[in-house]
Amino acid sequence: MLDKKYNHEIVEKDKYEKWLAKDYFKCVEDSDNKPYCIVLPPPNVTGVLHLGHAWDVTLQDIIIRYKKMEGYDTFWLPGMDHAAIATEAKVVKRLKDKGIDKYSYGRDKFLEACWDWTHEHGDIIRKQWAKLGIALDYSKERFTLDEGMSKAVRKVFVDYYNEGLIYRGEKIINWDPVAKTALSNEEVVYSEEKSAFYHIKYMLENSDKYIDVATTRPETLFGDTAVAVNELDDRYKEFVGKNVILPLLNKPIPVITDEHADMTKGTGAVKITPAHDPNDFEVGNRHNLERVVIMNDDATMNELTGKYQGMTREECREAVIKDLEGLGLLIKIEPIVHEVGHSERTGVMVEPMIKKQWFVKMRPLADKVLATQKIKEEKVNFVPARYEKTMNHWMEITYDWCISRQLWWGHRIPAWYKDDEVYVGMEAPNEAGWVQDNDVLDTWFSSALWPFATLGWPDNNKLLSKYYPNQCLVTGYDIIPFWVNRMTFQGEKLLGKRPFEDCLIHGLIRDKQGRKFSKSLGNGIDPFDMVKDYGADALRYYLATDVAPGTDMRFDEEKIKATWNYINKIWNASRFVLSNIEDLKEIKLDNLKPEDKWILTKFEKTLHETKRFMDKYEFNNAGASIYNFTWNYFCDYYIEMAKYTIGEHSTKSTLCYVLTGILKLLQPFMPYVTDEIYNMLPVKETEDIMIASYPKYDKKLIFDSEEKAVDDSVEFIKSFRNIKAENNITKEMKVMFDTEDDNDLIIKMLKLNDNLVKEPLGIKAYKVFSNRVKATIFFEKVETEADKLAKEAQIKVLTESISRREKLLSNDNYVNKAPAKIVELDRQKLAEEKQKLAELLK
RNA sequence: GGGCGAUUAGCUCAGUUGGUUAGAGCAUCUGCCUUACAAGCAGGAGGUCACAAGUUCGAGUCCUGUAUCGCCCACCA
């Protein structure tokens, strides 16, 4: 016998270990069943899982468990990401707290510290996965820095290099002066900052004329090698071709014309700093300008800035402005607000710098994706579909991907140098004297290979051929540019096929006020506190059903509470069923009563609807559909009806059949409690519910006329209760049925056995009716003013509705153009309303 | 500057191809300890679907425009 109250701690205890021991989570490579593979977005080993991860994995687990019951050979591959820059930052800090400097510690020892960190956090993360009950195949777990991944990474690098898709070049890149590494465009986040246009006089050589140059970055003037104006700009005609004097350095630089100078912006004259600005870099290339690097790697000013050497960028700006002002070269300061790029990881202002780095040539790779996305059978199907635009737009505008990072934790670049020679290969060259590139690859370079490198690529094996392309990938929309896009172009280039058929996108979780969760706000919620308080099932159901796919969610603990109540409801319904079917030997759906047929029909319809939603990943709608059936039909009505015929085999069978069905539909959402209850069923098809089959829609269990009839009885019951409550009618009432039909069920449900009369009484009468059933309640009661008002209001509503409907039905346009079904419905409704009104007016 | 999303009950959210009186949970009001469940049961109340114009017999849903909020992208000096 079940406890009276659902206790999630008891229910969830030891279950995960049981599932693991029975190998339920393992894929069956040799199985003939159709494969269904998802690779888990590998969480960073930087930290522990948060609510967003819990959401992400819950969605995947629901898909996997659903597909498994549907008969697929499911395979959910877990793993973690070494997260190069993010983890390195954490380990650097940990060492620093111990008084150890990364560089003096040395590369090998530092990497050891990184591995220690990785193992610590890996263990924590695995425990967290277990708490959520997710069906990961741990026998295939991978790490983005393991041997197989490393091999795949080197292979891609070498092949791309040989094909010309990877090259090394000196270009302007985003430099993080704290981590002292290059970054990709995606790793730069822009935020609005208060700044100013500084208008500076650049004096014409040997003249007292000058050009007013407006800049937001006066500290970079030491790197100026020209001033550009537009060739159509009349204001500066006389300056073009001459020199202006670079302030502070008193160095002559040319005034050139270039399309980059926009006459409508600023003063129309722009200083050109090729080594510290991407646009100026391009201008410099066009005009063969010298590139003067004026900063050190930590973004302090270097020796070329004279007395400003050693200052930070900020200090230098202040000093420069002060000095220019002293020289009378500062015209004005115009405050503005503009977007400034910051490092995603360290938060520091990114400095554009000229550096020799490795790049992936993006155009051919991106074009391939754009072409594939035009083919229905070969494209990645985004859910919701609008996110395809996010990827496609990125593919259209992307430019070469800077993949080298000046870090230690990551895949070391397989390039070796000897004097001016470069060797790129899977292994180091044999001869002596070659030195390997010090840098590692962007962490996303390896995770881009995740959907196939984890399956054994570049070796061709059964795992790869069976499970690639993956059937689905689940991730948040914020990860599309970093990861989804890159997996897509890599998969299509390297294996000739999309990495996954579907890509289910979810949003971000925010707090109750709609703010992002962040450490500084202190508004974080630990999902495992929720598991502790309400159970994994409640958290999972909440996360999966709260919002429609692709939208953000506002976290609300009250809803988890409500889910707990729902589970408790299921628990208690099961308690009733189980305690009454202990002697059931087999489920036989024959000699069915109308209410049995009714609930079976409702269940089939719910199943049909639920499956449709599950297949579209609309778990919110699927959840609502099951909830509505379970609570409003099964619990509120069928169980109540069943109480009167509980001894009959058909009742027991129906109870057991429907409860089993409900448990199966809920299993993907609530694996623990459904497992617990399923195992207590006297009749069941499998040892555990997660290996049972999903119910199949069965037309033979659709009974239209019984459904209609019992629906009508239910409608009558509701009307009856309504009238009884609204009129404060007590048990003293007498009831006379006007209709001959069998009203047994109604009489039982309303407990009217002692109140029935055959002839009308000469006291106040209340009419109750549904389509089929009519009855009169006799009850002595003084009509109050409130009763009168209520009745008048009801008459008013009905009268208005009738006249609106009559008008509609007399409109030929409507009658002729609207579907006959709709018009017929209106006619029915009108007739009912008229009848009701007549009753009220009696 | 470009793109996307949101705007529906007090709160958080659903709402399929346009079609009965726009739904749910929570909160709220009334009455109930009816032996599965008071974390429950029964019955209510609560919405000009952001705004304006349009298409249509019919618009929360489709078209156009506006407002507010949010996100993404973009090299703007």
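Order of the sequence lines sets the chain letters (A, B, ...), proteins ahead of strands, with each chain counted from 1.
Of the two residues contacting RNA chain B, namely R804(A) and V547(A), the nearest-nucleotide position lying further toward the 5' end is that of V547(A). Between E833(A) and A624(A), the residue anchored nearer the 5' end of RNA chain B, judged by the nucleotide with its closest heavy atom, is A624(A).
Under the Watson-Crick or G-U wobble criterion, with both distances below 3.5 Å, A52(B) is paired with U64(B). Nucleotide A24(B): paired with U12(B) (Watson-Crick or G-U wobble, both distances less than 3.5 Å). Base pairing analysis places G46(B) opposite nothing; no Watson-Crick or G-U wobble pair with both distances below 3.5 Å involves it. Base pairing of G5(B): its partner is C69(B), meeting the Watson-Crick or G-U wobble criterion (both donor-acceptor distances under 3.5 Å).
Contact of K569(A) with C37(B) (side chain to base): a donor-acceptor pair of N or O atoms is detected under 3.5 Å.
K389(A) comes within 4.0 angstrom of the backbone, heavy atoms only, and of no base.
A salt bridge links K834(A) to E806(A): at least one charged side-chain nitrogen sits closer than 4.0 Å to a carboxylate oxygen. The pair E609(A)-R612(A) does not count as a salt bridge, with every side-chain nitrogen at least 4.0 angstrom from each carboxylate oxygen. Ion pairing of R486(A) with E186(A) is present here, as a side-chain N (NZ or NE/NH1/NH2) and a carboxylate O approach within less than 4.0 Å.
In this structure, CG of D552(A) is placed 12 Å from C1' of C72(B), rounded to the nearest angstrom. If you measure from atom OH of Y627(A) to atom P of C13(B), you get 18 Å, rounded to the nearest angstrom. In this entry the distance linking NZ of K516(A) with P of C71(B) reads 7 Å, nearest Å. Distance R554(A) CZ to A14(B) C1': 16 Å, rounded to the nearest Å. In this structure, E186(A) places its CD atom 13 Å from P of C72(B), rounding to the nearest Å.
To the nearest whole angstrom, the two C1' atoms, one in U61(B) and one in A22(B), are 11 Å apart. The C1' atoms of A67(B) and A53(B) are separated by 15 Å, rounded to the nearest whole Å. Comparing the same atom, P, in U16(B) and in G60(B) gives a spacing of 13 Å after rounding to whole Å.
When distances are taken from the side chain of R510(A) to each of G43(B), C71(B), A77(B), the shortest belongs to C71(B). Closest to the A725(A) side chain, of the nucleotides C26(B), G43(B), G15(B), is G43(B).
Ring pair Y387(A)/Y477(A) is parallel by interplanar angle, where below 30° counts as parallel and above 60° as perpendicular.
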